[in-house]
Visitor: 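Have a look at this one.
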2 protein chains.
Amino acid sequence: MTVTTSRQRGEYAKTAARRQEILSAAVEVFSTSGFTSGSLRDVAERVGLSQAGVLHHFPSKTHLLEAVLAWRDEESRLRMDSDHIEGLELLRALVDLVAYNQSTPELVELYATLSAEATSPDHPVHDYFVQRYATMVPWLQRSFELAAAGGQLRPDVDCGSAARQLVALMDGLQVQWLLDRTSVDMAVEVRRYIRSLLTVDL
Amino acid sequence: MTVTTSRQRGEYAKTAARRQEILSAAVEVFSTSGFTSGSLRDVAERVGLSQAGVLHHFPSKTHLLEAVLAWRDEESRLRMDSDHIEGLELLRALVDLVAYNQSTPELVELYATLSAEATSPDHPVHDYFVQRYATMVPWLQRSFELAAAGGQLRPDVDCGSAARQLVALMDGLQVQWLLDRTSVDMAVEVRRYIRSLLTVDL
DNA sequence: GTCTATATACTGATAGAC
DNA sequence: GTCTATCAGTATATAGAC
């Protein structure tokens, strides 16, 4: 907790709320049009500001995108409680997160669109996505290894490969789900894949 | 075979060659920048034409993209010989195609970028990708069903789910591979996944 | 904190000369 | 078949008034 004067409380809260409005609008715009094609004017319209008004809160378009990614990562981290669980429990939480994501199609679309866009080395958030996968794959691999140590994993499973495939499966399912949400249930497929690797129920 | 005069042969060949040059340049541009952000001027520069010159051969930017997709689909179809094989043989050919794709990173990037972009319902090639997956999944499903009928598939495998997961896996691996080609071998992972479903070697 | 106005640049497509 | 010139639209970012 930090001490705040009443004047600070009032003004900062208003600014913070404004920033959050802009972030939400940016999600809508960038998820539909991608980052490069999405425009600040479009973001500004949705929050009832001018384009210059948006740039007062975020100094550039790229800064805005980075703020969106940081905000969403924090949300997912809190939702999964990923700092306190591991092994099978974490895999279960992952399936729950995928199920939850199905209620936020805009955010799913944002990451699907951005991760593809950002494969180009000069994309503004290329490094973010390189880092993201370089962290995520070993992190899941560790959970598979813990499961293996507990005798819960089929003996012929390669943990590194399983982790990489699981991430790929989740990414790929997003595209199919976005194209036709009635025919795909991402959580069901992810759960089925993980179960096929285990000797116990998930 | 069709009959051609010498005059036709000469002029048509030149035009066809030019069209092919433009298609190749378009692959480079659209794969790097996506369709919406990629520009006709950029395509034109790469083939030494003006932007208007490009539009003489393809009446609009969207027509150009559609020609690129049709050309690449035909190439893949011929390479896989997919009209004449099925079952395990087709799954083997699919792994070979994935291995071959690793020699054409630009085309991989094109499809990864486009399939994400095109999830938006108003994207110019949205319908193309909807159709693509609606065809591809049942087509792979049939190969799994043939394998099952031949006793080559593990009895607990759901063919529809396996087909969907296989397509998702291939798509998702592309993103990881594009971000870091040294750490991912798409063909190895796809082969490993398919083998995990079979009772026989692939 | 928000605005208007502006600088600068790029876009797809068309008209018409050659 | 290819060009130049141009139209009408879009973009990010900045300067400065209020």
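Values below: all heavy atoms of this structure, side chains included; hydrogens, waters and symmetry mates excluded. Residue numbering restarts at 1 for every chain, and letters A, B, ... go by the order of the sequence lines.
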Visitor: So, for A:Phe129 and A:His123, is the gap between ring centers shorter than 6.0 Å?
Guide: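 Ring centroids of A:Phe129 and A:His123 are no less than 6.0 Å from each other.
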Visitor: Measure CG/B:Leu49 against C1'/D:dT2 and give the value in whole Å, please.
Guide: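 Going from CG in B:Leu49 over to C1' in D:dT2 covers 7 Å.
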Visitor: Produce the list of close N/O pairs, under 3.5 Å, pairing protein atoms with atoms of nucleotides 13-16 of chain D; give distances to one decimal.
Guide:
unit_1 : atom_1 : unit_2  : atom_2 : d
D:dA13 : OP2    : A:Lys61 : N      : 3.0
D:dA13 : N7     : A:Gln51 : OE1    : 3.1
D:dA13 : N7     : A:Gln51 : NE2    : 3.3
D:dA13 : N6     : A:Gln51 : OE1    : 3.2

Visitor: Students often get this wrong, so: under 4.0 angstrom with heavy atoms, is A:Ser39 touching a base, only sugar-phosphate, or nothing?
Guide: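 A:Ser39: backbone/sugar contact only, no base atoms under 4.0 Å.
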Visitor: Tell me every residue that passes side-chain hydrogen bond (donor to acceptor under 3.5 Å, both in side chains) with A:Arg77, counting only those two or more places apart in sequence or in another chain.
Guide: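 By the side-chain hydrogen bond (donor to acceptor under 3.5 Å, both in side chains) rule, A:Arg77 matches A:Glu74, A:Asp83.
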Visitor: Measuring to OP1 and OP2 of D:dC3, would you say a side-chain N or O of B:His56 lies under 4.0 angstrom away?
Guide: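 Checking D:dC3 against B:His56, no side-chain N or O comes under 4.0 Å of OP1 or OP2.
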Visitor: Please list, chain by chain and in numerical order, all residues satisfying side-chain hydrogen bond (donor to acceptor under 3.5 Å, both in side chains) with A:Glu75, sequence neighbours excluded.
Guide: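 A:Glu75 satisfies side-chain hydrogen bond (donor to acceptor under 3.5 Å, both in side chains) with no other residue.
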Visitor: Tell me: CZ of A:Phe58 to P of C:dG1, nearest whole Å?
Guide: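 Atom-to-atom, A:Phe58 to C:dG1, this comes out as 12 Å.
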Visitor: Quickly work out the A:Asp42 CG to D:dT10 C1' distance and round it to whole Å.
Guide: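 These atoms are roughly 12 Å apart.
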Visitor: Could you list the donor-acceptor pairs under 3.5 angstrom formed between side-chain atoms of residues 87-96 of chain B and any protein atom two or more places apart in sequence or on another chain?
Guide:
none

Visitor: Can you sort out the partners of A:Ser37 under side-chain hydrogen bond (donor to acceptor under 3.5 Å, both in side chains), two or more places apart, ordered by chain and number?
Guide: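 Only B:Ser37 meet the side-chain hydrogen bond (donor to acceptor under 3.5 Å, both in side chains) criterion with A:Ser37.
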Visitor: Counting only heavy atoms and a strict 4.0 angstrom limit, can you tell me which residues of residues 19-36 of chain A come near DNA chain C?
Guide: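 Residues of residues 19-36 of chain A that come under 4.0 Å of DNA chain C do not exist, since none gets that close.
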Visitor: Assess the side chains of A:Asn101 and A:Ser103: does a donor N or O sit below 3.5 Å from an acceptor N or O?
Guide: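 On atom types as modelled, these side chains do not qualify, holding no pair under 3.5 Å.
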Visitor: Considering non-hydrogen atoms only, spot the tightest contact between A:Glu106 and A:Ser31 and give its length.
Guide: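 Reported closest heavy-atom pair: O-CB, 3.0 Å.
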Visitor: Do side-chain atoms of A:Gln102 reach the backbone of A:Met186 as a donor and acceptor pair under 3.5 angstrom?
Guide: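 Such a contact is found between A:Gln102 side chain and A:Met186 backbone.
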